[in-house]
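Report on the following structure.
Atoms within each ligand, like the ligands themselves, are counted from 1 in listed order.
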Amino acid sequence: MISEEEARKKILETVRSLPSRRLSLSQALGCFAAEDYFARLPLPAFDNSAMDGYAVVASSCAKGKRLRVTAEQPAGRDKQLRVSPGEAIRIFTGAPMPQGADAIVMQEDVTRDGDEIVVNTDVEAGEFVRRRACDLSEGQKILAKGERLRAATIALLASQGISDLTVGGEVNAAILSTGDELVKPGEKLDLGQIYESNSALLGALLHRCGAAVNFLEHCRDERESLRKAIKRGMKNHILIISGGVSVGEHDLVKDILREVGAEIEIWRVAIKPGKPFLFGRMQQSKPSPHSSPSARERRTRSAGKSSVPDAECLVFGLPGNPVSAFVTFLQFVRPAILKMMGATTLDLPQVPARLAVNLTNEGDRAHYIRGKLEQGTFTPVGRQESHALFGLSQSNALLRLDLGQSLKAEEIVDVQIWDW
Ligand code: AMP
Ligand code: MG
C-alpha cells in the first residue's frame, strides 16, 4: 500500500498532455488554452459614450445652461464630429466621443427644446465617458496557457475578434462497470440485485472534467467476457473500471489486466474510502512493423515531447463502492485527465471553512470526510461509509484528514469543493 501523495505523484508523472488542437470559440468552453493569448485591441477600443445623452464641453456647462444641439452621433459609424463650448451633440451608448467633448450629459438630465437643450445638472469632465483602454491595454495577457476557458474568457476572446483558438486535446474515456449483482437502471431487479450507479456517477464526473465518454459497458464477473470488454475499452486514452479490484475471488480485474499486457503501477493506496484503487498502463494493439502509422499516430508522433503515444491507454481501477469510486476519481483520475487536457491547475478548488464538529482520524489512511459547506461552515453529512451514496449526495465538499490528524470544532480548515 502506498501513500496518497505517492500515488498521485506517480500518476501525474506517467500522464502526458495530449497534442493540442484548433477549435472554434463556440466549441472551446471548458477546454484549456494551449498557448498564451494577448490583447490585439484595447478595451474600450476608442473613447465612447456610456449613456444615451449629449456630448458636451464640461467647462461650458452648468445647471440651467442652454446648449445648441449641432449634430447627432449614433453608435456604429464615427462621423468624426467636433463640439465647441456652448454646443452639444446628441449621442448614444457606445458611440465614439466627438472631438472637443469631455463629458456626456444623460438625456434624463436635460430638457429638449427644439434644437437646444437645457442642462438640469452640474457636469464634470469625464462623466459618462468610457476612455480607450481603461479596461484592457493592447498587448496585455488575456489568457494564459493551461487556463480554462470560461464563459467570460470566451467573450473576451470574441471581443478581440478571435474566432478560433488552440486548446489542449480531448480525452477519450471508457467506462467499464463490473459485478454480477448489478442491473441497469430501467430494468427489473431480482432479489439480491442492485442497480448499477457507478456508470452514471463516472459519466457525470467525466463530463464535468470535459472528457468524452466513448465507451460504456457493463460486464459480469467472468474472466472471458471481462477480458474482451477490457480489450474493447483500452482503445481509449483512459479506461476506468469500476469494481472487481478488491481481494475477493470475484475480483478479477487485476489478473486480467496483467493477462492483456497491462503494467500495474499502483494497487492499494492509503486512502479512505478507496483503498483497493488500481492504476496501470497498457499498449493498445501494436501496429505490425510493416504497417504504416495511421494519420492520427503520425499527428501524435510529430507533436513531439508533450504528447502521449496514442497507443497507450491508462487504466484506473476504482473500487465499486460508490463513495470510494467518487473519491478516487476526484483525487486520482480527475487530475490525470486535466493534465492530459493541458490544464495548469489540477487540484479541486479549496476554500477555508469553519469546522462544525471535532474530528479525529485514528486510522492508517488519509480520510476524506463528506460534508456540507454552507455559509463558511463545514459539517459532515450522512454516514461516512463507502457505500453511503445518499450521504454523498447531500454533500458538496470534502475534508481531508491526514493520518493521526485531530481537528477541533471552530477550527478553520481547508475543504475541497467537489461541486465545482
Ligand atoms: P467491488 O469493488 O466489486 O467489490 O464492489 C464493492 C461494493 O460496491 C459492492 O457492494 C458492490 O455491489 C458495489 N458496487 C460495485 N459496482 C457498483 C456499481 N457499478 N454501482 C453500484 N454499486 C456497485
Ligand atoms: Mg464486484
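The heavy-atom pair separating Lys231 from Met234 by the smallest distance is O-CG, 3.3 Å. Minimum heavy-atom separation, Arg150 to Leu29: C-CD1, 3.8 Å.
The distance between the ring centers of Phe326 and Trp418 falls below 6.0 angstrom. Proximity of the aromatic rings of Phe316 and Phe332 is defined here by a centroid distance below 6.0 angstrom, and this criterion is not met.
Ranking the protein heavy atoms by distance from atom 18 (C) of ligand 1 puts Asn198 ND2, 3.3 Å first. Taking atom 4 (O) of ligand 1 as the reference point, the nearest protein heavy-atom neighbour is Asp251 OD1, 3.7 Å. Closest to atom 10 (O) of ligand 1, if we only count protein heavy atoms, is Asn321 OD1, 4.0 Å.
Atom NZ of Lys228 sits in a sparse spot, with 12 or fewer heavy atoms from other residues, nucleotides or ligands closer than 6.0 Å. Counted within 6.0 Å of CZ on Phe390, heavy atoms from surrounding residues, nucleotides or ligands total 12 or fewer; the atom is thus considered open.
With hydrogens and angles disregarded, no donor-acceptor distance shorter than 3.5 Å links the side chain of Glu385 to the backbone of His387. A donor-acceptor distance shorter than 3.5 angstrom exists from the side chain of His218 to the backbone of Ser177, with no hydrogens or angles considered.
For ligand 1, the atoms sitting less than 4.0 Å from at least one non-hydrogen atom of Ile194 are 12 (O), 22 (N), numbered in the order shown with element in parentheses. Each of the atoms 1 (P), 2 (O), 3 (O) of ligand 1 lies under 4.0 Å from some heavy atom of Gly244. For ligand 1, the atoms closer than 4.0 angstrom to any heavy atom of Glu196 are 18 (C), 19 (N), 20 (N).
In terms of polar-atom proximity, Gly320 is counted as a contact of ligand 1, with an N or O under 3.5 Å from an N or O of the ligand. Checking only distances, Leu182 never comes within under 3.5 Å of ligand 1, N or O to N or O. Considering backbone and side-chain atoms together, Ser197 places an N or O closer than 3.5 Å to an N or O of ligand 1. Between Ser177 and ligand 1, not a single N/O pair is under 3.5 Å apart.
Residue contacts with ligand 1, taken as heavy atom pairs separated by less than 4.0 Å, involve Ser242 solely via side-chain atoms from C-beta onward. Only the side chain of Glu181 comes within contact range of ligand 1, with a heavy atom under 4.0 Å; no backbone atom does. Here Val245 has no heavy atoms under 4.0 Å from ligand 1, in either its backbone or its side chain.
A side-chain contact (heavy atoms from CB on, under 4.5 Å) with Phe32 is found for exactly one of Thr344, Leu338, Val167, Leu143, namely Leu338.
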